[in-house]
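Here is the structure we will look at, set down as structure tokens.
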Amino acid sequence: MLKKPIFITNFKTYEQATGVNAVELAKVHEKVATKTGKSIGIVVTSTDLYRVSQAVNIPVFAQHVDPIDYGSFTGHVLPQNVKNAGAIGTLLNHSERRLDLEILENTIACAQKSSLVRIVCAEDPDEVAAFTAFDPDFLAFEPPELIGSRDKSVSSESPDSIRDSVNRAKGIPVLVGAGINSAEDIRVAMELGARGFLVASGVVKADDPEKALTELVMAM
Ligand code: G3P
């Protein structure tokens with residue numbers, strides 16, 4: 001069971017967060033988790049899962065898996081392999097890796113079969129409500145137009161949608177993301193019912209990721 005609120009950094013495929021840099025950045029996250037006592041996870045590329053999981057003792061997630069089992073599926077991401085590589089869960093349906101509804105449903109089921117924690121991304125409160133039917137472990141609300149923004153965030157631009165998402169999530173914990181850069185962004189979303197955060201550039205692209213991460217998690 002993951003402790004909430006949880007702060008999750010999505011490493012995406014940023015240069016600062018892949019390969020050996022992924023290991024270094026993961027260690028920064030582990031250090032901040034230990035120092036602050038906050039619940040912190042990371043989402044890394046499938047090619048970095050094993051080495052990152054070996055290097056740190058914080059929850060590591062995959063960025064995606066495919067709806068397959070062992071067999072003839074060249075080039076696919078096998079959920080059980082992700083699990084065996086050290087991931088405790090997977091992100092699914094991120095705005096940068098959207099899935100058709102039927103594929104999403106099958107993928108969630110396959111991830112569950114491999115006992116992976118399932119974080120399903122939704123672009124608006126309607127999707128949050130619709131995806132509750134798949135019974136994910138977390139719903140992550142991220143308006144795509146605010147992803148990567150350095151001066152606008154879901155908290156500053158769309159607080160009503162955060163409240164709406166929380167109200168329509170049927171008790172499934174909602175993570176909030178897109179443009180989260182400041183302690184104020186965190187505080188606003190927490191007051192509206194967020195149970196955690198999904199952040200990328202605010203940490204990965206910060207001049208001092210350790211400082212940025214510490215400031216953000218301390219506001220939770
Ligand atoms: O998955 C997190 C992400 O899409 C948010 O990105 O850069 O706006 O924090 P960012």
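For ligands, and for the atoms within them, numbers begin at 1 and follow the listed sequence. From a predicted model like this one, the values you see are computed outputs, not experimental measurements.
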Quiz item: Charged N to carboxylate O below 4.0 Å: is that the case for K211 and E215?
Solution: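 Here K211 pairs with E215 in a salt bridge, since their nearest N and O are under 4.0 Å apart.
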Quiz item: After noting the C-alpha distance and the side-chain angles of L2 and I88, does the key distance pass the side-chain contact (heavy atoms from CB on, under 4.5 Å) rule?
Solution: CA-CA 10 Å; L2 291 164; I88 68 145; 3.7 Å; yes
Exercise: do [X] and [Y] side chains pair donor with acceptor under 3.5 Å:
| X | Y | answer |
| --- | --- | --- |
| S95 | E123 | yes |
| S161 | D164 | no |
| N106 | E102 | no |

Quiz item: What residues come within 4.0 Å of ligand 1, counting heavy atoms only?
Solution: N10, K12, H94, E142, I147, G148, A178, G179, L198, V199, A200, S201
Practice problem: Quick one: do E24 and V20 satisfy side-chain contact (heavy atoms from CB on, under 4.5 Å)? Show the steps, please. | Solution: CA-CA 7 Å; E24 290 315 307; V20 289; 5.7 Å; no
